[in-house]
Amino acid sequence: MAEPVVLLTMGDDPRLLDHPAAWGVRALDCYDLSQAELEQAAAVLVGMHADQRHLAGMRPVLETFVASGGRLVVCGQVAIPFLAGLCRFCPLVDYHLEDLEVHAVRAHPVWAGVKTEDLTLRRGVAGFYGRGWHQPPPGAVVINGLGPRRLPVDFVYRMGAGEVLVHGGNDLWSSDEEGSTSARLVPQLLEWAAP
Amino acid sequence: MGLVTGGASYHERTLADSPFSERITRGLYLPALAMGDLDGLDVVVVSDRQHPGVLVRHAPALLGVAERGDTLVVLGENRAQTWVPGARWEARPTNFWWWLEGLDPGIRPRNAEHPLWRTATAGDLTWHFHGVLHPPPGATPLLVAEGQGEDGVLLYEDEVSTPGRLVVTTLDPVYHHGSNFMPAATRCLDALLSWLSV
């Protein structure tokens, strides 16, 4: 078996690869993405710095991958919807602390045991986890919401035999902090992506 | 003025955001940059955080802007030291949290009479940095990080290395503005583009 999880990179040195749970993760340059490169993959991780214009051109490759049973994790703010079910990011405007508060809407194994207050605040500062939201497609399941209106910051939806997980904020794999329940995110995300 | 982008969400957002969109006459998607795309532009701004491989491939065309006598602006996180003439890089420890800890990051303006300072304050250009630049002799430092040793430069203007002008910075305002992250980054971008539009 080759790698179960492919992390798309933008020529940088991804910190995720140093994580002890990331032994099965292979970095693939965003511009080298192709159907052949994903043949052995169970999941693809797309991060906040990805070239969404390029990914929009690769939409058939990504959709075929998911529809045939793959799992795709999309982090960041979508400016160019590069996949069925994605919409443009809606930033919060004139927001206050309560608008940045993360609330659990539905349990999900990636966030099991993670306290929402550990997502809301890092060193007492709010806003790292999410500063806006995406409109999920019909049938999506919202996992976490921001503020009193529970604006969707994390959701999943099915596509064919596969599934897409969207986190509308900084990369989930950089949202973990030692000594916080958020440290569960990376191992649980990788376990969900490639069980 | 042309803005070079790389298809990241924050590049796209900044291209579309008023008032920046009014100042930018041409958006230039770097992976597809073709011969002639940079013609006729007085100022070409390379957005921060381009893919380094793509950037190096197109570096000769970008540097051609300064070679023909116009202005090339290289924003941060673009490994300027690997392709911009005269730029040297020194990594420094990053403190993302200086503002929370009540620390002074030591960022200071230089050459107070420079036109940049008619549109910007040092506060607009102050956030965490990952390292500093050492410009070539004859360049004009505009923003520095004072340290225990030699000052590091965070923004400089170089009118000696090419027939035109190179403006090089460690700051990455497109990322921070276009991710709805930091009001200072929005002011920084506004001030830089105002100065460069004159």
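Below, read A as the first sequence line, B as the second, and so on, with proteins coming before strands; counting in each chain starts at 1.
- Of all heavy-atom pairs between A:D51 and B:G7, the closest is OD1-CA, 3.3 Å.
- For the atom pair B:R49 CZ and A:M10 CE, the distance stands at 11.5 Å (nearest 0.5 Å).
- Side-chain contact between B:R13 and A:P91 is present, with at least one heavy-atom pair separated by less than 4.5 Å.
- Connection of B:V4 to B:L166 is established within a shared hydrophobic cluster, with ILVMFWY side chains joined at heavy-atom distances below 4.5 Å, either directly or through further cluster members.
- Shown here is B:R68, whose CZ atom has more than 12 heavy atoms of other residues, nucleotides or ligands within 6.0 Å.
- Put simply, of A:A79, A:G169, A:G127, the one with the most heavy-atom pairs under 4.5 Å next to chain B is A:A79.
- For A:F82, no part lies under 4.5 angstrom from a heavy atom of chain B.
- For B:Y10 and A:F89, the ring centers are positioned 6.0 Å apart or more.
- Interface remark: of the candidates B:G53, B:G6, B:G178, B:G6 forms the most heavy-atom pairs closer than 4.5 Å to chain A.
- Looking at B:L15, the atoms closer than 4.5 Å to chain A (heavy atoms on both sides) all sit in the side chain, from C-beta outward.
- Clustering ILVMFWY residues whenever any of their side-chain heavy atoms sit less than 4.5 angstrom apart, transitively, puts B:L142 in a cluster other than the one holding B:V74.
- Between A:Y31 and B:H51, the ring planes are perpendicular. Angles over 60° get that label, and only those under 30° would be called parallel.
- Each of A:R88, A:Q77, A:H49 was evaluated against B:S9; a single residue qualifies, A:Q77, per the side-chain contact (heavy atoms from CB on, under 4.5 Å) test.
- Taking hydrophobic clusters as Ile, Leu, Val, Met, Phe, Trp and Tyr residues chained together by side-chain heavy-atom distances below 4.5 Å, B:Y156 does not share a cluster with B:L196.
- Judged by distance alone, the side chain of A:R131 and the main-chain N or O of B:S179 form a donor-acceptor pair under 3.5 Å.
- Under the rule for a salt bridge (Lys or Arg N to Asp or Glu O under 4.0 Å), the partners of B:D124 that lie at least two apart in sequence or sit in another chain are B:R187.
- In this structure, B:L62 is not a member of the same hydrophobic cluster as B:V56, with clusters built from ILVMFWY side-chain heavy atoms closer than 4.5 Å.
- B:L193 and B:V65 are not part of a single hydrophobic cluster, where members link through side-chain heavy atoms under 4.5 Å apart.
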